[in-house]
Amino acid sequence: MKVLDWYNNTTEMKKNLFLLTIIGLLGLAVTSIFFFMNNPGVPFGWALGTMIEIICYITIAKGTSFLLDPNKLNRKRSLLAPLFMILRLLLYAGGLVLAAFATYRWGSMSSSYLNFWALFAGYMPLPALLLFTTIYRLKKQPAETKPAVEEKENKDAEEND
């Protein structure tokens, strides 16, 4: 139960990183069957996609903390957020281009060392995880700690009535 206690007492970023890692390891376990089919590109593609996805999530979390944390607000750190966005774009595109060459140019769908579609599938858990965890945590959150935007919208709606 130490893992459950750690999970309940840690930050949202670490919770999401933990869930992404678990999803990545489960996907690697499922795709490892392709090693026995003489197609190592599928698990390698999934693993690379998961690693790029985790790096991109870290840049998202750090970039937003640079922009939204009033204690850390300074001009130089806030300039890192656009650089992180460019880095994410380059990572996603670089992984896809490398996997496309490995799958279609240097190998084939059945014998490459990096599968394009498995790498692409490795990118997919991040948006779904962020959507579901955000919705879950907002519904679980008490009313007094809900974001100020909702409170403002509620006040505006009351004033219009």
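- In the hydrophobic clustering of this structure, L89 does not group with F84; members are Ile, Leu, Val, Met, Phe, Trp, Tyr whose side-chain heavy atoms approach within less than 4.5 Å, directly or through other members.
- In this structure, G49 and Y123 approach most closely via the heavy-atom pair O-CD2, 3.6 Å.
- A 4.5 Å side-chain heavy-atom check between F18 and V3 finds at least one atom pair inside the cut-off.
- Residue P43 comes nearest to P40 through the heavy atom pair CD-O, 3.3 Å, listed as atom of the first residue, atom of the second, then distance.
- Rounded to the nearest 0.5 Å, atoms CG (L98) and CZ (F116) are 11.5 Å apart.
- If you take OG1 on T10 and CG on D5, they are separated by 12.0 Å, rounding to the nearest 0.5 Å.
- Under the 4.5 Å side-chain heavy-atom criterion for ILVMFWY residues, a single connected hydrophobic cluster contains both Y7 and L129.
- Considering CE of M51 and CG of L91, their distance stands at 11.5 Å, rounded to 0.5 Å.
- Listed by first and then second residue, the side chain to side chain donor-acceptor pair (under 3.5 Å) pairs involving residues 18-32 amount to none (not counting sequence neighbours).
- The closest side-chain heavy-atom distance from L80 to L83 is below 4.5 Å.
- Across all non-hydrogen atoms, the minimal contact from T103 to L114 is OG1-O, 2.8 Å.
- When all heavy atoms are compared, the tightest approach of W6 to K14 is CH2-O, 4.1 Å.
- Side-chain contact between L19 and T133 is present, with at least one heavy-atom pair separated by less than 4.5 Å.
- Residues V42 and A118 share a closest heavy-atom pair of O-CB, 3.3 Å.
- Annotation for I22: atom CD1 counts as buried by contact number, over 12 foreign heavy atoms lying within 6.0 Å.
- Atom CD1 in I54 sits 11.0 Å away from atom CG in N16 (nearest 0.5 Å).
- Annotation for T64 and A61: closest pair OG1-O, 3.0 Å, computed over non-hydrogen atoms.
- Taking a 6.0 Å sphere around CZ of F132, one finds it holds 12 or fewer heavy atoms contributed by other residues, nucleotides or ligands.
- I135 and M13 end up in different hydrophobic clusters when Ile, Leu, Val, Met, Phe, Trp and Tyr side chains are linked at under 4.5 Å.
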Just do the ring pair (Phe, Tyr, Trp, His ring centres under 6.0 Å) check on F120 and Y92 with the steps written out, would you? CA-CA 9 Å; F120 181 73; Y92 281 136; 9.8 Å; no
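- The hydrophobic cluster containing V97 also contains W117, counting ILVMFWY residues as joined when their side-chain heavy atoms lie under 4.5 angstrom apart, directly or transitively.
- In this structure, the side chains of I55 and R88 stay at 4.5 Å or more apart for every pair of heavy atoms.
- In this structure, Y104 is a member of the same hydrophobic cluster as L48, with clusters built from ILVMFWY side-chain heavy atoms closer than 4.5 Å.
- Within a 6.0 Å radius of OH in Y57, other residues, nucleotides and ligands contribute more than 12 heavy atoms.
- You'll find the side chain of L20 reaches within 4.5 Å of the side chain of E53, heavy atoms only.
- In the displayed structure, F101 atom CZ is contacted under 6.0 Å by at most 12 heavy atoms of other residues, nucleotides or ligands.
- Using modelled atom types, one side-chain atom of T59 and one backbone atom of C56 make a donor-acceptor pair closer than 3.5 Å.
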